[in-house]
Peer 1: 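Sharing a structure with you now.
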Amino acid sequence: MFIEPIQLINGINDIKKHDSTNNNTNELSFKSIFSEALNDYVEAENKVDEDIYNLSVGNSDDLHNLMINTQKAQLSLDLVLQLRNKALDAYNEIMRVNV
């Protein structure tokens, strides 16, 4: 069993560097979240279209995966709609604030 020796701490600067790098990676804007959700929906919908085409021309008989991909696309659409509704609610709430 190897035990690592105790090492010196270089000071608080290393901690600040570590915190600043973590803060940059943890920040997500609403725009990026909404854009990612929308892209996921478009990809899922394209996958469903491809599955439907392959099933209709006889290239595939995998109805099971088609149904799963359809549900994934539906869930992605629900997520996009919920994000849109939350953004509109926030906008309306801001507009109601008396200045």
Side-chain angles (χ1 to χ4, degrees):
M1 180 175 170
F2 178 73
I3 299 175
E4 291 186 21
I6 297 174
Q7 298 177 354
L8 292 176
I9 298 175
N10 292 332
I12 200 163
N13 290 333
D14 289 341
I15 295 172
K16 287 181 180 177
K17 286 180 188 174
H18 183 71
D19 284 344
S20 67
T21 58
N22 282 342
N23 286 340
N24 290 338
T25 59
N26 290 335
E27 289 182 13
L28 289 175
S29 66
F30 180 78
K31 179 183 173 184
S32 66
I33 293 171
F34 191 79
S35 175
E36 185 176 330
L38 195 58
N39 287 336
D40 289 343
Y41 167 69
V42 169
E43 288 177 12
E45 193 65 29
N46 288 337
K47 179 68 178 155
V48 169
D49 290 343
E50 180 183 328
D51 288 346
I52 289 172
Y53 175 77
N54 285 334
L55 188 68
S56 65
V57 296
N59 289 340
S60 173
D61 60 350
D62 194 7
L63 189 60
H64 178 75
N65 281 334
L66 171 65
M67 295 308 293
I68 290 173
N69 290 334
T70 303
Q71 287 299 313
K72 286 180 182 178
Q74 181 64 41
L75 289 173
S76 296
L77 179 62
D78 290 344
L79 175 65
V80 170
L81 290 176
Q82 288 298 319
L83 287 171
R84 184 203 62 169
N85 291 342
K86 290 294 181 184
L88 286 175
D89 288 345
Y91 175 77
N92 289 332
E93 189 70 29
I94 289 171
M95 294 306 289
R96 277 187 246 141
V97 172
N98 292 329
V99 179

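Because the structure is predicted, anything quoted here is derived from the model rather than measured.
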Peer 1: Not counting sequence neighbours, list each pair that qualifies as a salt bridge (charged side-chain N to carboxylate O under 4.0 Å, His left out) and has a residue in residues 51-62.
Peer 2: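 For residues 51-62: Lys47-Asp51.
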
Peer 1: Would you please name every residue forming a side chain to side chain contact (heavy atoms under 4.5 Å, CB included) with Leu81, sequence neighbours left out?
Peer 2: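 Leu77, Arg84.
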
Peer 1: Give every donor-acceptor pair under 3.5 Å between a side-chain atom in residues 29-41 and any protein atom, sequence neighbours left out.
Peer 2:
| from | atom 1 | to | atom 2 | distance (Å) |
| --- | --- | --- | --- | --- |
| Ser29 | OG | Ser32 | N | 3.2 |
| Ser29 | OG | Ser32 | OG | 3.4 |
| Ser32 | OG | Ser29 | N | 3.3 |
| Ser32 | OG | Ser29 | O | 2.9 |
| Asn39 | ND2 | Ser35 | O | 3.3 |

Peer 1: Let me have the donor-acceptor pairs involving side chains of residues 90-99, under 3.5 Å, with sequence neighbours excluded, atom names and distances please.
Peer 2:
| from | atom 1 | to | atom 2 | distance (Å) |
| --- | --- | --- | --- | --- |
| Asn92 | ND2 | Leu88 | O | 3.3 |
| Glu93 | OE1 | Arg96 | NH1 | 3.4 |

Peer 1: Checking Asn54 now: which residues fulfil side chain to side chain contact (heavy atoms under 4.5 Å, CB included) with it, not counting sequence neighbours?
Peer 2: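 Once residues adjacent in sequence are excluded, the partners of Asn54 under the side chain to side chain contact (heavy atoms under 4.5 Å, CB included) criterion are Glu50, Asn59, Ser60.
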
Peer 1: Closest approach of Ala73 and Ala44, non-hydrogen atoms and distance?
Peer 2: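 That closest heavy-atom pairing would be CA-CB, 3.7 Å.
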
Peer 1: Under a single-linkage rule joining Ile, Leu, Val, Met, Phe, Trp and Tyr whose side-chain heavy atoms are separated by less than 4.5 Å, which residues share a cluster with Val57?
Peer 2: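 Val57 clusters with Tyr53.
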
Peer 1: Please report the closest heavy-atom contact between Val48 and Asn69, naming both atoms and the distance.
Peer 2: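 So the two residues come closest at CG2-O, 3.2 Å.
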
Peer 1: Mind checking side chain to side chain donor-acceptor pair (under 3.5 Å) for Gln74 and listing every partner two or more places apart, or none if nothing turns up?
Peer 2: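 For Gln74 the side chain to side chain donor-acceptor pair (under 3.5 Å) partners, ignoring immediate neighbours, are Asp78.
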
